[in-house]
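Below: the structure, in structure tokens.
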2 protein chains.
Amino acid sequence: MDAAPPRRARNAAGDILDAAHRVVARDGAGRLTLDAVAREVGMTKGGVLYNFPSKTALLAAMLTRMLERFEVEAAEAAVAAAAAGHSAPTLRGMLEAVEKLDNDHPQLHLAIVAAGAEDPAALAPLRAMAARLQARILDETADGPGAMLACAAADGLIFQRLMDMPPADPALRAAVRARILAIADALEPRA
Amino acid sequence: MDAAPPRRARNAAGDILDAAHRVVARDGAGRLTLDAVAREVGMTKGGVLYNFPSKTALLAAMLTRMLERFEVEAAEAAVAAAAAGHSAPTLRGMLEAVEKLDNDHPQLHLAIVAAGAEDPAALAPLRAMAARLQARILDETADGPGAMLACAAADGLIFQRLMDMPPADPALRAAVRARILAIADALEPRA
DNA sequence: TCCATCAAACTGACCATCCGGTGCAAAAAC
DNA sequence: GTTTTTGCACCGGATGGTCAGTTTGATGGA
């Protein structure tokens with residue numbers, strides 16, 4: 001909303017969220033406990049609970065932070081893609097946002113499994129954003145299945161990363177990304 | 001291996017695993033407790049622990065059962081695809097196994113998030129199988145990125161299903177599946 | 001046919017631990 | 001000195017796991 005409060009030198013809330021991601025990455029979503037987060041960030045449980053009134057709030061904050069960053073990236077990339085004359089700017093924006101977030105904050109996606117493990121209903125904001133994005137993407141092209149194929153492939157890359165699955169060769173992974181972008185560019189625009 | 005022991009009319013272990021999947025599907029991986037499973041299957045916690053010596057063992061059994069079923073399906077479909085003259089039989093087998101398992105036992109994939117939530121290291125068998133499969137798939141085609149694109153898209157469909165994400169229209173989902181299979185068939189075989 | 005036997009399968013009570021959350025006092029920051 | 005932030009002891013409940021005992025059902029002998 002407003003600018004970050006300059007009042008506080010260190011952003012405790014952000015540090016706590018980072019620590020939570022680290023815990024999930026290392027020990028799994030089921031081991032994400034307030035004590036573990038406090039230990040990781042070098043604080044006590046009281047301090048954590050001061051910044052986030054409950055564990056549910058912490059999980060929600062993890063998810064919303066990820067969604068916000070993703071949406072910002074996706075929107076910017078979509079604008080750029082539209083300016084560059086790409087036929088499916090929203091899809092391109094999403095694909096590039098996936099890649100950027102994956103590179104800059106590889107653990108951010110873990111918010112999905114962390115929140116989903118505690119309560120599947122907590123993923124509602126994620127679902128809502130995905131539905132919004134999907135609607136816009138489908139609206140921009142005449143080839144719905146092609147666009148959804150690109151989406152599924154991008155989600156698959158996220159999934160593989162989440163589960164430490166076999167990207168094996170990073171070069172291969174990059175090649176797959178290039179293919180996905182190529183598919184996006186080859187989509188025929190809405191008639 | 002040998003015939004099922006006639007001693008026991010009901011397969012308790014299988015029932016327990018089914019119940020565990022139902023709990024994860026309904027309440028989330030974080031709510032998968034021994035008591036919850038016992039309640040779901042109509043037993044006491046002691047009974048569950050009689051069949052599986054620990055919760056970790058139960059999670060491992062969920063995962064291995066899923067992997068076994070998947071590998072059987074994939075192997076059969078691969079043989080059929082090879083007989084039908086498809087260029088990338090292993091990839092086709094995998095894609096068809098994903099689809100079949102998703103239709104017949106939609107909750108089976110939840111074993112992944114259930115096991116991964118408790119302990120990421122428990123997913124080692126999954127990673128091993130994926131790596132094995134990937135090696136064979138890459139060995140069958142000259143277009144590695146294309147094959148991995150199909151894999152990623154298939155994983156994306158699983159991911160979307162796991163997270164109750166927006167396949168939205170089942171027809172659209174089916175169309176995406178058809179596209180993935182088309183990509184697999186269009187791959188050039190290894191020179 | 002009936003009963004004694006025995007092992008597998010399961011129950012129910014119980015334990016130790018952990019976890020989320022509270023209350024309050026002590027610092028820190030301003 | 002006031003407000004913000006953190007430390008710390010503690011509680012109620014849930015959870016994984018143990019254990020002794022009970023039920024079930026097949027087997028075999030008289």
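Heavy atoms only: backbone and side chains are in, while hydrogens, waters and symmetry mates are out. Residue numbers begin at 1 in each chain, while the letters A, B, ... track the order of the sequences.
A sub-4.0 Å separation between OP1 or OP2 of C:dG20 and a side-chain N or O of A:T33 is present. Distances shorter than 4.0 Å separate none of the side-chain N or O atoms of A:N51 from OP1 or OP2 on D:dT4. Taking 4.0 angstrom as the limit, A:Y50 places none of its side-chain polar atoms (N or O) nearer than this to OP1 or OP2 of D:dT6.
With rounding to whole Å, A:L34 atom CG is found 15 Å from D:dG7 atom C1'. As a whole-Å value, the separation of A:K55 NZ from D:dG13 P is 19 Å. Across the protein-nucleic acid pair, A:L49 atom CG and C:dC24 atom C1' stand 15 Å apart, rounded to whole Å. Protein atom CZ of A:R31 is 9 Å distant from nucleotide atom P of C:dC19, rounded to whole Å. The CZ atom of B:F52 sits 11 Å away from the P atom of C:dC10 (whole-angstrom rounding). For A:R39 and D:dC8, the CZ to P distance is 14 Å, given to the nearest whole Å.
A residue-by-residue look at A:G47 and B:E118 shows that A:G47 has its nearest nucleotide of DNA chain D further toward the 5' end. Nucleotides of DNA chain C nearest to B:V48 and A:P53 differ in position, and the one nearer the 5' end is that of B:V48.
The two residues B:D102 and B:H109 come nearest to each other via the heavy atoms OD1-CD2, 4.0 Å. What you find for B:A154 and B:I180 is that their closest heavy atoms are N-CD1, 4.0 Å. Contact record, A:M163 with B:L123: SD-CD1, 3.7 Å, taken as the closest heavy-atom pair. Considering every non-hydrogen atom in both A:S87 and A:D185, the closest pair reads OG-O, 3.7 Å.
Taking the charged nitrogens against the carboxylate oxygens, A:E76 and A:K100 have no contact shorter than 4.0 Å, which rules out a salt bridge.
Listed nucleotides D:dC8, C:dT11, D:dG16 differ in distance to A:T44; the shortest reach to its side chain belongs to D:dC8. Closest to the side chain of B:D35, out of D:dG17, D:dT15, C:dG12, is D:dT15. Side-chain proximity of B:S54 to the nucleotides D:dT6, D:dG17, C:dG20 is greatest for D:dG17.
Judged by atom type and distance alone, A:K45 does not reach the base of D:dG7 through any side-chain donor-acceptor pair under 3.5 Å.
Within 4.0 Å (heavy atoms only), A:L32 reaches sugar-phosphate atoms of the nucleic acid but no base atom.
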